[in-house]
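Beneath this line is the structure, given in structure tokens, with notes to follow.
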Number of protein chains: 4
Amino acid sequence: MDQMKKHDEKAYAILSGAARVFSEKGYHHASMRDISRETGMSLAGMYHYFSGKEEILFSVQRFCFRQVLDELRKRLESVDDPWQKLETVVRNHLEFFTENVTEMRVLSHEADTLVGDYRTHIDEMKREYFSLVASIIRELRGQDWNDAEQRRVTLSFFGMINWIYTWYRPERDGSPQELAETMMSILERGIAPHRPRG
Amino acid sequence: MDQMKKHDEKAYAILSGAARVFSEKGYHHASMRDISRETGMSLAGMYHYFSGKEEILFSVQRFCFRQVLDELRKRLESVDDPWQKLETVVRNHLEFFTENVTEMRVLSHEADTLVGDYRTHIDEMKREYFSLVASIIRELRGQDWNDAEQRRVTLSFFGMINWIYTWYRPERDGSPQELAETMMSILERGIAPHRPRG
Amino acid sequence: MDQMKKHDEKAYAILSGAARVFSEKGYHHASMRDISRETGMSLAGMYHYFSGKEEILFSVQRFCFRQVLDELRKRLESVDDPWQKLETVVRNHLEFFTENVTEMRVLSHEADTLVGDYRTHIDEMKREYFSLVASIIRELRGQDWNDAEQRRVTLSFFGMINWIYTWYRPERDGSPQELAETMMSILERGIAPHRPRG
Amino acid sequence: MDQMKKHDEKAYAILSGAARVFSEKGYHHASMRDISRETGMSLAGMYHYFSGKEEILFSVQRFCFRQVLDELRKRLESVDDPWQKLETVVRNHLEFFTENVTEMRVLSHEADTLVGDYRTHIDEMKREYFSLVASIIRELRGQDWNDAEQRRVTLSFFGMINWIYTWYRPERDGSPQELAETMMSILERGIAPHRPRG
DNA sequence: AATGAATGAGAGTTCATTCAT
DNA sequence: CATGAATGAACTCTCATTCAT
């Protein structure tokens with residue numbers, strides 16, 4: 001059982017180092033040697049923990065996604081008001097993205113990199129996340145719009161909160177909380193039901 | 001002069017093929033051989049038109065960005081109302097993204113790939129684009145907010161319109177015009193001046 | 001056309017060097033770097049002529065087999081007597097094996113190494129060779145035996161003439177012609193029709 | 001003593017598994033991990049019984065050769081007639097080859113793989129086997145031929161009986177007994193003294 | 001006796017790029 | 001202008017083996 005712990009800790013250390021390398025150079029540009037150097041483990045040694053580079057990327061993504069999703073579900077348990085739910089989503093997402101910026105950059109930027117079963121698995125998690133957010137947004141607006149519009153709004157929302165990996169720097173752009181407030185202020189009025197334009 | 005034309009046409013054909021390859025496989029995963037195959041030109045032949053792979057990526061990005069910027073400036077000439085200006089930005093951006101999906105994917109996804117002078121050059125264009133949009137958004141809201149908030153809003157806006165390269169498919173998500181309307185409906189109310197939250 | 005020649009000559013030089021290396025170390029133990037060293041061509045350079053190690057082995061085998069088969073067919077054209085035909089087979093086979101000992105060792109020893117289409121192609125040539133010899137042996141003996149016996153005799157014959165790659169050394173074991181005579185002397189009486197044993 | 005037994009049993013299990021793997025993939029292509037998987041013993045565990053991969057191959061070959069040689073000597077004890085002796089050799093050899101097809105394939109195909117002392121040891125056994133058979137064949141023919149011819153005939157004989165590992169399949173080619181009869185029918189007349197050709 | 005962990009060496013292959021023609 | 005040929009560097013991954021436990 002101590003063995004188990006040691007194994008997991010090393011595996012986690014590899015994931016952590018890999019996330020840093022992937023984040024900095026991008027998945028394709030990063031080499032297993034880079035990860036080896038970053039983690040201090042030998043090149044061949046890493047193959048004891050992961051079957052290859054792709055599995056490492058997959059594991060990084062799955063690990064992060066799980067954290068985001070699990071934490072979000074936990075936070076949502078005690079929330080009823082749909083606007084507060086949305087705010088919870090925004091805060092949860094932004095906090096994770098800003099605290100684990102390297103991992104999240106990998107999650108966002110290398111979304112299309114995986115293929116096969118790895119891809120399917122991650123896509124499934126993404127669908128979960130999307131559904132959860134979509135259902136909240138539906139609550140906010142009611143049956144006021146059709147499915148396509150619903151989808152467009154939800155994905156516009158995701159664009160806002162995902163794109164930050166390309167520009168957000170706390171010392172310049174304020175705290176994650178401030179960022180969340182800015183975005184909520186756009187959404188509160190922007191998404192709420194209103195007469196069609198024109 | 002005819003020579004010139006022929007040269008430019010071939011160069012453009014390379015860029016066009018390269019954009020397709022980059023879009024599909026990502027810059028690092030795409031090989032010069034892939035581009036050679038896609039364009040029908042020999043591997044060595046491409047080096048008559050571009051000094052290397054990196055210059056090709058740079059040229060793709062510059063070419064697209066120029067089109068977006070030039071067209072946008074032209075369209076804005078005849079617009080005065082700031083809301084209509086914003087709508088012009090959205091429409092222009094989305095139309096380009098949806099009509100030149102491969103090139104735009106390269107522009108969005110490989111933003112961090114270039115380095116050195118190439119990077120500086122593209123960053124400069126980005127700054128121009130950003131400034132232009134930021135000034136429009138400032139008009140909309142007045143001095144109602146500080147610089148950081150202004151910046152956060154502007155970049156949230158860019159998140160919305162840039163992220164679409166990851167999800168937008170016209171047959172499912174409606175025409176670019178519908179997409180523009182959806183986004184404008186969010187922004188019209190979301191960005192307009194309003195009392196601070198709380 | 002001179003180009004064509006040059007290309008083929010280099011390709012042949014690679015095959016020749018590869019055959020030496022394969023013969024000495026065995027296919028799996030031989031590295032592309034070994035072949036590179038033996039031929040004086042750079043590691044990457046060889047990939048202009050062959051798609052990989054396996055194709056090199058395939059090409060060596062196909063090249064040798066073709067020579068053996070083509071030469072055999074040519075020699076057989078002017079022969080009618082079945083015993084003389086068999087002698088022609090033996091002489092042709094042994095001469096090739098002893099003159100191109102390295103290539104033939106590769107042909108014999110790495111018969112099972114290839115897989116997929118490469119394997120199919122070589123197996124097809126083998127079947128041709130086998131059929132040709134089998135039909136000659138059938139002539140010698142008439143309908144005196146059944147298919148299984150026919151097959152056993154033919155393959156016993158091939159055992160005799162193929163196995164020499166493991167032991168034959170001209171300075172100790174005599175000329176290929178002497179070897180051919182020894183084998184023919186066994187076969188002339190051993191294969192000819194005779195009363196069943198017991 | 002019980003310890004001893006257990007040790008030997010495990011060692012034998014490793015040899016048995018290794019023979020299967022070597023036979024299927026060839027020695028060089030087979031990895032210690034393959035053998036570990038096949039035998040169910042851990043990778044490191046195997047190093048308690050054998051000093052390395054090469055010793056495993058050596059042990060497989062020695063074990064098989066011993067069986068063939070010991071059994072042959074036993075069978076020959078009660079035989080006087082040289083033709084019956086030869087038949088005993090053929091039967092013994094073919095029965096072993098067909099009953100232990102994987103081990104024998106390793107013995108035949110990986111004959112040149114070993115080096116150094118291992119090679120010397122196996123070569124010594126081979127020489128014993130060769131001498132034994134050569135002396136029988138000499139009996140059959142008397143002083144009718146010179147040493148080189150004697151050697152050529154003996155090794156042609158070995159070619160016949162060794163090569164079967166490349167083609168023999170009982171369901172298609174008949175029982176080992178039938179095979180032995182076919183070969184003996186060739187040899188009985190082919191080897192017997194006869195007037196020189198021409 | 002037995003094993004999980006670890007590693008240096010080396011494998012086949014692909015890469016962007018150069019250069020003689 | 002265009003290309004076939006060539007290459008050094010780097011890639012991911014596997015290998016037989018060792019060692020602490």
Side-chain angles (χ1 to χ4, degrees), chain A residues 2-4 6-7 10-11 14 27-36 39-57, chain B residues 3 6-7 10-11 27-36 40-57, chain C residues 2-4 6-7 10-11 14 27-36 39-57, chain D residues 3 6-7 10-11 27-36 40-57:
Chain A
D2 223 32
Q3 293 290 59
M4 194 69 174
K6 220 174 215 171
H7 182 279
K10 292 232 176 175
I14 293 175
Y27 173 76
H28 289 300
H29 208 60
S31 74
M32 291 295 279
R33 274 175 181 80
D34 290 330
I35 302 175
S36 161
T39 58
M41 174 171 284
S42 78
L43 189 52
M46 297 188 302
Y47 285 84
H48 262 277
Y49 297 92
F50 299 98
S51 70
K53 193 182 172 187
E54 205 178 3
E55 200 191 57
I56 294 181
L57 174 58
Chain B
Q3 292 292 59
K6 221 175 214 171
H7 183 280
K10 293 225 176 179
Y27 173 77
H28 285 117
H29 210 61
S31 73
M32 291 294 279
R33 266 182 177 74
D34 291 329
I35 303 175
S36 161
M41 174 170 286
S42 81
L43 193 50
M46 297 189 300
Y47 285 82
H48 277 276
Y49 297 92
F50 299 98
S51 72
K53 192 182 172 187
E54 207 178 1
E55 200 190 57
I56 293 181
L57 174 60
Chain C
D2 224 34
Q3 293 291 59
M4 194 69 173
K6 220 174 215 168
H7 181 280
K10 292 233 176 174
I14 293 175
Y27 173 76
H28 290 300
H29 207 60
S31 75
M32 290 295 281
R33 279 168 181 83
D34 290 330
I35 302 174
S36 162
T39 59
M41 174 170 285
S42 79
L43 189 52
M46 297 189 301
Y47 284 84
H48 262 277
Y49 297 92
F50 299 98
S51 71
K53 192 183 173 187
E54 206 178 1
E55 201 191 57
I56 294 181
L57 173 59
Chain D
Q3 291 291 59
K6 220 174 214 170
H7 182 278
K10 292 226 177 178
Y27 173 77
H28 287 118
H29 210 59
S31 73
M32 291 295 279
R33 266 184 177 74
D34 290 330
I35 302 174
S36 160
M41 174 169 287
S42 81
L43 194 51
M46 296 189 301
Y47 284 83
H48 276 275
Y49 297 92
F50 299 98
S51 72
K53 192 183 173 188
E54 209 179 359
E55 200 190 56
I56 294 180
L57 174 60

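In what follows, chains carry the letters A, B, and so on, assigned in the order in which the sequence lines appear, proteins first and then strands, with residues in each chain numbered from 1. This structure is a prediction, so every number in the text was calculated from the model and none was measured.
Taking every heavy atom of both residues into account, A/Tyr27 and A/Lys53 meet most closely at O-NZ, 2.9 Å. Between C/Glu55 and C/Phe50, the shortest heavy-atom distance links the atoms OE1-CA, 3.1 Å. Between D/Ser42 and D/Ser36, the shortest heavy-atom contact is C-OG, 3.8 Å. Pairing each heavy atom of C/Met32 with each of C/Ile56, the nearest pair is CE-CD1, 4.0 Å. Here the closest non-hydrogen pair linking D/Met46 and D/Ile35 is SD-CG2, 3.7 Å.
When heavy atoms are screened at a 4.0 angstrom cut-off, C/Ala11 is found touching no nucleic acid atom at all. Contact annotation for D/Gly45: base contact, defined as any heavy-atom pair under 4.0 Å involving a base atom. Using a 4.0 Å heavy-atom distance criterion, A/Phe50 is classed as making no nucleic acid contact.
Base-pair partner of E/dT18: F/dA5 (Watson-Crick or G-U wobble, both distances under 3.5 Å).
Closest to the B/Tyr47 side chain, of the nucleotides E/dT18, F/dC11, F/dA5, is E/dT18.
Put simply, NZ on B/Lys53 is 8 Å from P on E/dC15, counting in whole angstrom units. Nucleotide E/dC15 holds its P atom 7 Å from the CG atom of B/Asp34, rounded to whole Å. The distance from atom OH of B/Tyr49 to atom C1' of E/dT17 is 18 Å, rounded to the nearest whole Å. Rounded to a whole Å, the CG atom of D/Leu43 is 12 Å from the C1' atom of E/dA2. Taking atom CD1 on C/Ile14 and atom C1' on F/dA5, their separation rounds to 11 Å, with Å as the unit. We find that NE2 of B/His29 is positioned 12 Å from C1' of E/dC15, with the value rounded to whole Å. One can place NZ of C/Lys10 at 16 Å from P of F/dG4, the figure rounded to the nearest angstrom. Distance, D/Glu55 CD to F/dT18 C1': 16 Å, rounded to whole Å.
Checking the phosphate oxygens (OP1, OP2) of F/dA2, no side-chain nitrogen or oxygen of B/Ser42 falls inside 4.0 Å. Remark: A/Lys6 is not in phosphate contact with E/dA5, judged by side-chain N or O atoms under 4.0 Å from OP1 or OP2.
Remark on DNA chain F: of its neighbouring residues C/His48 and A/Ala44, the 5'-side contact belongs to C/His48, judged by nearest-heavy-atom nucleotide. Residue-to-nucleotide proximity on DNA chain F shows that, of D/Met32 and A/Tyr27, the 5′-proximal contact is made by A/Tyr27.
Between the base of E/dG10 and the side chain of C/Arg33 there is no donor-acceptor pair shorter than 3.5 Å.
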